[in-house]
Structures are given as C-alpha cells and as structure tokens.
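To start, the structure under review is shown below, and the notes come after it.
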2 protein chains.
Amino acid sequence: MARNPERRNLLADAGLRILAAAGARGLTHRAVDAEAGVPTGTASNYFPSRSALLAGLAERIFDRIAPDPAVVADLGRREPSLALFTDYLRDIVARTTREPDLTRALFELRLEAARHPELRAALGDVLRRGYADDVAFHVAAGLPGGAYEIALLHYAVDGLLLDLLTTSIDAGFDPDQVVSTLVSRLVRGADLAP
Amino acid sequence: MARNPERRNLLADAGLRILAAAGARGLTHRAVDAEAGVPTGTASNYFPSRSALLAGLAERIFDRIAPDPAVVADLGRREPSLALFTDYLRDIVARTTREPDLTRALFELRLEAARHPELRAALGDVLRRGYADDVAFHVAAGLPGGAYEIALLHYAVDGLLLDLLTTSIDAGFDPDQVVSTLVSRLVRGADLAP
DNA sequence: GGATAACCACGACGGCCGTCGTGGTTCGGC
DNA sequence: GCCGAACCACGACGGCCGTCGTGGTTATCC
C-alpha cells in the first residue's frame, strides 16, 4: 500500500491539519499535497480514494493521540489514587488543548464516521478499546467506581473538550479545576445514592 | 432578505437534513434545492452565498431546538426540585435523540463555527444565552448549586449526546439513568468538598 | 387597468474536485 | 552494468460547485 511510511505520515499529518483548519469540506487530495509541500498527485498515490484518505487519517490520529510515554511512566511510579487519576485526566485535557488541531480533527472524524460505516467500525473499535483500558486500569488500581463512573467521566471530559475547542459557552472556569471536580463528584460519588 | 418565510423555513429544514445526513461537505445550494423539492436556484435566491446559507441554518436550528412549550408549561406547574430538573434534562436528551438530525446538524455547525468568525459570534451568543437562562432558572428555583454546577452538567450532557449521536463507546447504560446520576452527583455534590 | 418593483426559475461561466492513465525515475538482485 | 518492478510526478477528463446575470411572472398601488 505504502512504500515510504515517513512520507505517508507526512501526508496524514498535513491532512489532519487541514481537517482541523478547514473541515471535511476543505480536505482534498490537492489540499493535502499543498499543505505537505509535495508535488500534486502524491496524496492520490498514497491514498487512492477519498475514503482511503479518511481511513488513513483515522489510523494516524490514534498514533499521535496516545499519551506521552514519559508522562505515563511518571504516573506509573506513583501510588494509585484519585489524585493520580485526576492528573492523568488533566494531562489528556492539557495535551488535547495544546494541540487543538488533533482533537478538532478527531471530532470531525467522529461526525464523518456517523455516516460512513467502515470508518465508524474502525473508529468505534479504537474508542471502545480506550474506554475498556480506562476501566481496567481503574479497577486494577482499586479506585472507587467502575465502568459506570468511567463512562460518566468520559462523557463529561468529551463535552468539556468540545466546549474548549469549538463554540464555547464561556463559563470561565479553569479546566484543571473542572476536571478535579468531575473526578471528585462523579467517581467518589459512587459510594453515594443512587 | 426573504419574502416568503414558509419557503425559507422549508429550505432551511432541508439544509439541516442534508447537514446531518451528508455533513458540511454535502451541503450545497443545489442539494438543498433537490432535498426541498424546489427548482434549482431557489436556495441561491434565498441564501445568496454559502455563509448566508450557514447563517440561515443556524438561525433556524434554534427555532426548532427550543423545548416544547407544552412540556415546559407542564414542568412549570410542578414544585421546583432536583427531580423536576432531572426531568427537564431528560426531555432535552429524549428530544434530541428522537430528532438526531437536528442535533447532529448542531454539532456540524459548532465545528464550522470554530473556523467562521461571524458564525461563531452568532452561535456563541445563543449558546451563552441558553447557559445563562439555565443558571437563572436554577438559582431562582432555589435549587442547590449555581453557575459552576450548570456548566458541569452542560459539559456532561453534551458529551453524552455526542456519544449517542456519533461514534459511541457503547457503554450500554440507560441515558435516563445517566442523566439522573449526573444531576444527583454533580449538582447535589455542590454541598460537598471540593 | 397599467406601471413599477419584487420575486423567482433557469442558464452560463470559471474553478476546483476525485479519479485514472501514462511516461519518467529510482532501486535492488544478479 | 543491466533488467525488471515498484514508485512517483504530472496531465487530462468528466462532474459538481458557488456565483452572477437575465428574462418571465406575480403582486401591489395609483
């Protein structure tokens, strides 16, 4: 499919920048070529059709969106606790807002996947795997709460990111504080009714 | 601008259906004409440019997304309580998932607005007004919590809707139950630390 | 009842799109 | 040092896009 992985990634990264900056409407083979600074036709050679291009971007985005191994290793050395979990979520929010292009592109892909069955299958697998991993980590660490609480957190953090990266209600609260409160109330509240 | 409001709304509704079904990429004047069953060129006459078309859709979407007056009146007769507030949110989730096109179109518009300053200003105003109204209602009703708690709920419900309407993690929990838990923990938790 | 203006259907134009084909080029095996 | 295959740059084609112009039609007011 692709002989030169470097060039393929270069093109995919250019495509993600376009997806964030111009939306699905601006994502074309020629635009990717221009953004990547390669001759016209290159993107068409690496991603023969438009759906192949979208699939390529989906593949690439999860390589890049994975947490920084250094941060993960750092967190892994600490004793499991809600404070640790809070820092883990804060890292996600900080990283995604520091690279808004990636997250905006992911939102675009999620919307696009709602219409494109093959893309939905691929994206859904990755999202579900991430969710399952979070649940497994949480349970293994002996923290309060389980799958239900992780799902609630997932929704809330996604909504927060959507607000931060698109049209916002400008409530003006500090994201770190919001994350802290979400963990505190949603997870610790697992002990409470109902 | 528009002589015939009925026809304008007919076109705008067709545009919203397209936005949900085909995304921003499929939203064209000709596609709107075809979807609305009117002669080619009609959409171009009512919305002279593409940004005018987007602005028209944004205007229309908030007319249609407003809560059902009957439901609001019904809720207004009951004593203010967290149960009442939960029912209010459940109505929002039920209504938006019953008409997924509208909500998906709103997500598309929010992403589009992140790039288009004039659309962002218009959309932002409406979103902020809705948020302020929710806060005012909450405080006036004497319910626990304030602006902070409403913002948290707003994030969580938006994230829930995003999950329900686009690529989902398929956690499998009942949305009504999720809403109930969110209100319970996020709002009632306002009394707890931190 | 006619004039005036607004509205509307329709066509045309330049531009950009996805896709495919076609030679030029590079690289590894012998 | 040659040969074959894979890769790549580039052009061409049919199609759809946004926009603008142009007559035909309808409605309103004197």
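What you see below is based on every heavy atom in this structure, not just the backbone, and it leaves out hydrogens, waters and symmetry mates. Just so we're clear, the structure is a prediction, and the values are computed from it rather than from any experiment. Per chain, numbering begins at 1; letters A, B, ... match sequence-line order.
Taking atom CG of residue B/Leu11 and atom C1' of nucleotide C/dA9, one finds them 13 Å apart after rounding to whole Å. One can place CG of A/Asp33 at 12 Å from P of D/dC8, the figure rounded to the nearest angstrom.
Listed by chain and residue number, A/Leu75, A/Arg78, A/Arg90 satisfy the side chain to side chain contact (heavy atoms under 4.5 Å, CB included) test with A/Asp87 (two or more places apart in sequence, or in another chain). Under the ring pair (Phe, Tyr, Trp, His ring centres under 6.0 Å) criterion, A/His154 pairs with no residue, sequence neighbours left out. For A/Phe137, there are no ring pair (Phe, Tyr, Trp, His ring centres under 6.0 Å) partners at least two apart in sequence or on another chain. Under the ring pair (Phe, Tyr, Trp, His ring centres under 6.0 Å) criterion, B/Phe62 pairs with no residue, sequence neighbours left out. Qualifying side chain to side chain contact (heavy atoms under 4.5 Å, CB included) partners for A/Ala121, counting only residues two or more places apart in sequence or in other chains: none. By the ring pair (Phe, Tyr, Trp, His ring centres under 6.0 Å) test, A/His138 pairs with A/Phe85, sequence neighbours left out. A/Ser49 pairs by the side-chain hydrogen bond (donor to acceptor under 3.5 Å, both in side chains) definition with A/Ser51, not counting sequence neighbours.
Remark: B/Tyr46 is not in phosphate contact with C/dC7, judged by side-chain N or O atoms under 4.0 Å from OP1 or OP2. Regarding contacts with the backbone of D/dC8, every side-chain N or O of A/Thr42 stays at 4.0 angstrom or more from both OP1 and OP2.
Side chains of A/Tyr131 and B/Asp163: a donor-acceptor N/O pair is absent below 3.5 angstrom, by distance only.
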How does each nucleotide of nucleotides 17-26 of chain C score, in 5' to 3' order, for protein heavy atoms under 4.0 Å: base (B), sugar-phosphate only (S), or none (-)? BBB-------
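Within residues 112-120 of chain B, no residue has any heavy atom under 4.0 Å from DNA chain C.
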